[in-house]
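Order of the sequence lines sets the chain letters (A, B, ...), proteins ahead of strands, with each chain counted from 1. The shown structure was predicted, so the numbers you read here are calculated from the model rather than taken from an experiment.
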Amino acid sequence: MLKCKTYHMLIGLMMLAGISLAQTSKVQRAYELVQQGKLDSAKMVIDDAMLEPDAAKEYQSWYIMGFIYKEIYKQRETSNVKSSARDIAVQALTKAVELDVQKEQTANMMQNLKYLGSKYNNDAIRTMDTVNYILSGELFEKYIKTYKLCEPGFNEISKRIEYYLAISYKFQGYFEETNSTNILKLTETYLNKALAHDPNSPTANKNFALLYYNMGVTIIKKMDYDVDLEQLYILQDHATKLFKQAEPFMLKAHGISPKDKTILEGLQGIYYQLNDTEKSNLYKKKFEEAGN
Amino acid sequence: MAFVLPTTFLMRKALIILLSVFFLSFDLVEYSLYQKDDGPSKIKATHLYVFTKYFEWPDNSSTTFNISILGENPGLMSELTKLSATKSVGSKKIEIKNINSIAEANGPEILFILSDKSGVLTEAISKFKGKGTLIVTEKQGLAKVGSAINFVIVENNIKFELNKTSAGKAGLKVSSKIEPLASKVLD
């Protein structure tokens with residue numbers, strides 16, 4: 001027991017070097033409390049300690065604070081996508097990294113940040129729905145910000161495209177179910193965001209094409225056999241406009257990925273629906289030639 | 001002086017963190033929503049059914065309304081089969097037949113000659129003259145040759161040309177309401 005106490009005291013002394021006496025005892029106390037699993041007490045003490053300018057100057061204090069809040073998040077708030085403990089932990093750890101100019105503990109702090117960043121990412125995916133999509137975007141931005149700090153080679157653009165494609169895909173599905181104009185607009189917005197980051201993304205172009213293609217198909221599919229001819233022509237014209245809207249996106253995707261069979265199949269389908277047998281057969285042939 | 005967390009404590013935490021840093025992936029983006037529906041066949045099948053409201057056939061005692069398709073188009077056959085399961089023409093049940101030659105056509109109310117079988121149009125006109133068969137084709141210029149209805153593509157849409165004389169020669173009465181809907185009317 002004594003050994004353990006001494007050990008903790010030594011550690012405390014080491015970690016608190018350079019911090020004023022009053023502040024030292026508070027940060028050290030917070031550290032001891034978290035080790036004892038007394039998170040609420042540790043939080044109160046560290047919050048109080050961080051009001052002092054001397055503590056706020058030291059990366060160690062921020063590290064302890066970040067660590068305490070990360071533990072609170074981990075033990076109590078992982079199912080809460082709006083966890084404030086996670087936000088505070090990230091802010092504190094980010095500040096700690098900034099102050100740790102000698103890189104004494106940067107690697108460890110980065111590990112903690114990566115953990116929290118990955119949780120933002122996971123929650124951004126979980127909240128990709130019609131109710132929480134704004135929150136999803138906010139969580140994704142937090143993930144990006146955290147990971148940019150942790151990984152110098154982090155490919156932000158690639159991650160953004162993946163995210164926008166994933167959320168647009170989900171909204172495309174919701175649109176198919178509901179036919180809601182608002183959801184369609186959101187789907188288009190996310191696809192446009194993906195294309196804004198990479199106009200040559202074959203998947204973004206293909207998905208844009210399929211969005212319009214499927215809309216056209218759905219119009220005809222839902223048409224009743226009893227429809228009068230005037231209405232039939234209105235519906236057909238509407239569907240044709242959508243197939244034409246799909247065409248340039250699918251052609252662009254084909255230009256980027258000429259061997260992609262799903263794109264070749266898509267072009268075959270678009271031209272078939274447009275009653276352009278010659279072009280439909282051309283892409284059918286290319287599809288068959290593309291092999292497996 | 002360096003800030004050091006106790007080694008065992010740190011190692012345990014690091015292990016937990018490493019195990020916890022995982023991502024839900026975005027791999028679903030590679031799937032595409034691609035509906036393989038045959039729109040043109042649905043539109044043609046619907047036309048064939050809707051035409052029954054604009055033409056008048058001579059009275060006959062048959063309890064079925066026969067639509068024969070000359071040539072191969074599985075998509076169209078599928079649509080017509082679906083249609084015939086739920087729709088009727090007056091009190092007559094719709095019967096769909098897929099045939100390969102004019103010889104197989106046994107007095108249908110509608111005979112749809114697909115493009116690859118267009119060569120038999122003249123023979124069909126001759127065979128069904130005055131017998132109440134609406135001959136429908138789908139190749140450029142066949143309304144002039146003598147089909148009563150010819151499907152054409154106008155700006156990527158399926159429309160139809162109407163040959164009133166041919167319909168009359170086939171023994172059918174044509175409603176004037178259909179004329180404004182045709183892309184072209186031949187007298």
Side-chain angles (χ1 to χ4, degrees), chain A residues 7-8 11 14-15 17-18 35 59-60 63 74 102 104-105 108 111-112 114-115 118 121-122 125-126 162-163 165-166 169-170 172-173 176 203 206-207 210-211 213-214 216-218 220-221 223 225-230 232-233 236-237 239-240 243-244 262 265-266 269 272-276, chain B residues 1-6 9-10 13-14 16-43 45-51 53-54 75 79-80 82-84 86-87 115 151 153-160 177-178 180-182:
Chain A
Y7 176 63
H8 283 163
I11 296 301
M14 285 163 75
M15 70 179 246
Q35 281 194 298
Y59 85 81
Q60 292 94 334
Y63 187 6
K74 215 166 127 180
Q102 301 300 318
E104 292 168 340
Q105 289 293 319
N108 288 330
Q111 279 295 344
N112 283 283
K114 265 191 175 181
Y115 163 76
S118 71
N121 178 71
N122 292 349
I125 294 170
R126 284 196 189 102
E162 283 177 20
Y163 174 77
L165 286 177
Y169 180 86
K170 284 207 82 170
Q172 198 169 345
E176 301 268 331
T203 310
K206 182 177 75 174
N207 284 4
L210 288 170
L211 173 68
Y213 174 84
N214 285 342
V217 166
T218 303
I220 302 301
K221 199 174 176 177
M223 185 178 75
Y225 294 118
D226 261 330
V227 69
D228 59 47
L229 282 177
E230 289 98 331
L232 187 154
Y233 291 138
Q236 183 180 215
D237 195 51
T240 297
F243 296 134
K244 282 185 176 172
T262 61
E265 195 178 26
Y272 183 77
Q273 303 288 356
L274 284 171
N275 297 291
D276 190 334
Chain B
M1 191 177 283
F3 165 65
V4 182
L5 284 160
F9 183 66
L10 186 66
K13 290 294 169 191
I16 292 166
I17 289 168
L18 278 173
L19 290 173
S20 307
V21 176
F22 72 95
F23 284 88
L24 294 179
S25 71
F26 295 114
D27 57 0
L28 70 173
V29 299
E30 286 305 319
Y31 297 96
S32 298
L33 302 170
Y34 180 47
Q35 299 186 5
K36 289 182 180 179
D37 262 50
D38 192 342
S41 288
K42 170 90 182 268
I43 289 168
T46 306
H47 267 95
L48 294 180
Y49 176 65
V50 175
F51 287 151
K53 296 167 185 174
Y54 292 94
E79 283 297 335
L80 285 168
K82 274 194 273 179
L83 185 155
S84 66
T86 55
K87 304 292 174 190
S115 56
F151 285 123
I153 306 302
V154 180
E155 293 174 347
N156 298 107
N157 286 323
I158 295 170
K159 297 281 173 72
F160 70 92
K177 289 179 185 170
I178 197 174
L181 302 168

Here the pair of heavy atoms bringing B:Ser41 nearest to A:Tyr272 is OG-OH, 4.0 Å
Measure A:Gln102 against the heavy atoms of chain B and call it side chain, backbone, both or neither at under 4.5 Å. neither
Roughly how far, to the nearest 0.5 Å, is the CD1 atom of A:Ile220 from the CD atom of B:Glu79? 10.5 Å
Whether the side chain of A:Gln273 engages the backbone of B:Gly39 through a donor-acceptor N/O pair (distance < 3.5 Å, no angle test) should be reported. yes
Contacting region of A:Tyr233 [heavy-atom separation from chain B under 4.5 Å]: side chain
Per-residue contact mode, B:Phe151 against chain A (heavy atom under 4.5 angstrom): neither
May I ask you to name which of B:Ile178, B:Asp38, B:Leu83 has the most heavy-atom pairs under 4.5 Å with chain A? B:Leu83
A:Lys244 side chain vs B:Asn156 backbone, donor-acceptor pair below 3.5 Å: no
Least distance between heavy atoms, B:Glu155 atom then A:Thr240 atom: O-CG2, 4.1 Å
Heavy-atom closest pair (A:Met223 atom, B:Lys42 atom, distance to 0.1 Å) is O-NZ, 2.7 Å
Distance, nearest 0.5 Å, that separates CD1 of B:Ile158 from CG of A:Asn275: 4.0 Å
Looking only at heavy atoms, what is the nearest atom pair of B:Val50 and A:Leu229, with distance? CG1-CG, 3.6 Å
Output for pair (B:Asn157 CG, A:Phe243 CZ), nearest 0.5 Å, gives 10.0 Å
For the pair B:Lys53 and A:Asp226, find out whether any cationic side-chain nitrogen is under 4.0 Å from an anionic carboxylate oxygen. yes
Need one label for A:Leu232: side chain, backbone, both or neither, based on atoms under 4.5 Å from any heavy atom in chain B. side chain
